[in-house]
Amino acid sequence: MIYYLIIITLAAIDRVLKYLVNANIPQGGSKFMLGGFIDITNLRNTGAAFSSFTGHRAALIAVTVFCIAVGLVYITRHRKNRSSFLLTSLSLVIAGGIGNLIDRIVQGYVTDYISVGSFPVFNFADICVVIGCVFMCIYVLFLDRG
């Protein structure tokens, strides 16, 4: 099924990118890209977005597992009668959740590495979650006919 393929592919890309960052940039180190506009900075985040909920690893894992499970059940049950836009959006969120969940379970922290200006450092999984959530909002606000 296409949605599971999207999830697996995006989660795998996230794992590869985090591996490359950890293998090539020391913790706390940076490499400058695009004239310093984007930096690749290897940081550890023991919390969630913007380091919120730092020190609550078990709760973050539990909430993430629950959300991923609910999303997978939804995709499985509604793959034939729901919008492909909505299901793809949900797949993005699940893929990002899986990428960061693996980090949290295996390492005890999430590897963040994309630094743009003064915005907090983030990663590919975070991008997947944000884009998926934005697309779901677009779906609910403008596309949902039922």
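What you see is a predicted model; the values in this text were computed from it and never measured.
Residue Tyr4 qualifies as enclosed at atom OH: its count of foreign heavy atoms under 6.0 Å is above 12. For Met1, the CE atom counts as densely surrounded, since its 6.0 Å shell holds more than 12 non-hydrogen atoms of other residues, nucleotides or ligands.
Phe66 and Leu60 fall into different hydrophobic clusters, where Ile, Leu, Val, Met, Phe, Trp and Tyr side chains are chained together by heavy-atom contacts under 4.5 Å. Residue Val110 is not grouped with residue Ile102 when hydrophobic side chains (ILVMFWY) are merged at heavy-atom distances under 4.5 angstrom, including chains of intermediate members. The hydrophobic clustering, which links ILVMFWY residues whose side-chain heavy atoms are closer than 4.5 Å, places Phe124 and Ile38 together. The hydrophobic cluster containing Val106 also contains Leu101, counting ILVMFWY residues as joined when their side-chain heavy atoms lie under 4.5 angstrom apart, directly or transitively. Residues Leu87 and Val93 are members of one and the same hydrophobic cluster, defined by side-chain heavy-atom contacts under 4.5 angstrom among Ile, Leu, Val, Met, Phe, Trp and Tyr.
Of the inter-residue distances, the one linking Ile138 atom CD1 with Leu86 atom CG reads 12.0 Å to the nearest 0.5 angstrom. Taken to the nearest 0.5 Å, the CD1 atom of Ile98 stands 12.0 Å off from the SG atom of Cys67. Here the CD1 atom belonging to Ile2 is positioned 13.0 Å from the CZ atom belonging to Arg79, to the nearest 0.5 angstrom. If you take CD1 on Ile8 and OH on Tyr3, they are separated by 15.0 Å, rounding to the nearest 0.5 Å. Thr41 OG1 to Lys31 NZ: the interatomic distance, rounded to the nearest 0.5 Å, is 11.5 Å. The line from CG of Leu10 to CG of Leu5 is 9.0 Å long, rounded to the nearest 0.5 Å.
The backbone N or O of Ser115 lies less than 3.5 Å from no partner atom in the side chain of Asp39, so there is not a single donor-acceptor pair. Panel note: side chain Asp126, backbone Phe122; no donor-acceptor pair is recorded below 3.5 Å. Here the side chain of Arg104 pairs no donor or acceptor atom with the backbone of Arg57 at under 3.5 angstrom.
Residues Asp14 and Gly99 come closest through the heavy atom pair OD2-CA, 3.2 Å. Residue Gly71 comes nearest to Ile94 through the heavy atom pair C-CD1, 3.5 Å, listed as atom of the first residue, atom of the second, then distance.
Using a 4.0 Å cut-off between charged side-chain N and carboxylate O, Lys18 and Asp103 make a salt bridge.
Residues Phe142 and Cys137 are not in side-chain contact: their nearest non-hydrogen atoms beyond the backbone lie 4.5 Å or more apart. Here the side chains of Ile40 and Ser30 are not in contact, with every heavy-atom distance at 4.5 Å or above. Side-chain contact between Phe37 and Val116 is present, with heavy atoms from C-beta onward closer than 4.5 Å. Side-chain atoms of Ser89 and Tyr139, non-hydrogen and from C-beta on, never get closer than 4.5 Å to each other. Taking the side chain as every heavy atom from C-beta outward, Tyr109 and Asn45 never approach each other to under 4.5 Å. Side-chain contact between Leu72 and Ile7 is present, with at least one heavy-atom pair separated by less than 4.5 Å. Taking the side chain as every heavy atom from C-beta outward, Met136 and Leu92 never approach each other to under 4.5 Å. Between Ile25 and Tyr113 there is no side-chain heavy-atom pair separated by less than 4.5 Å.
Between the side chains of Arg82 and Tyr74, a donor-acceptor pair is found at a separation under 3.5 Å. A donor-acceptor contact closer than 3.5 angstrom is absent between the side chains of Thr111 and Asn123.
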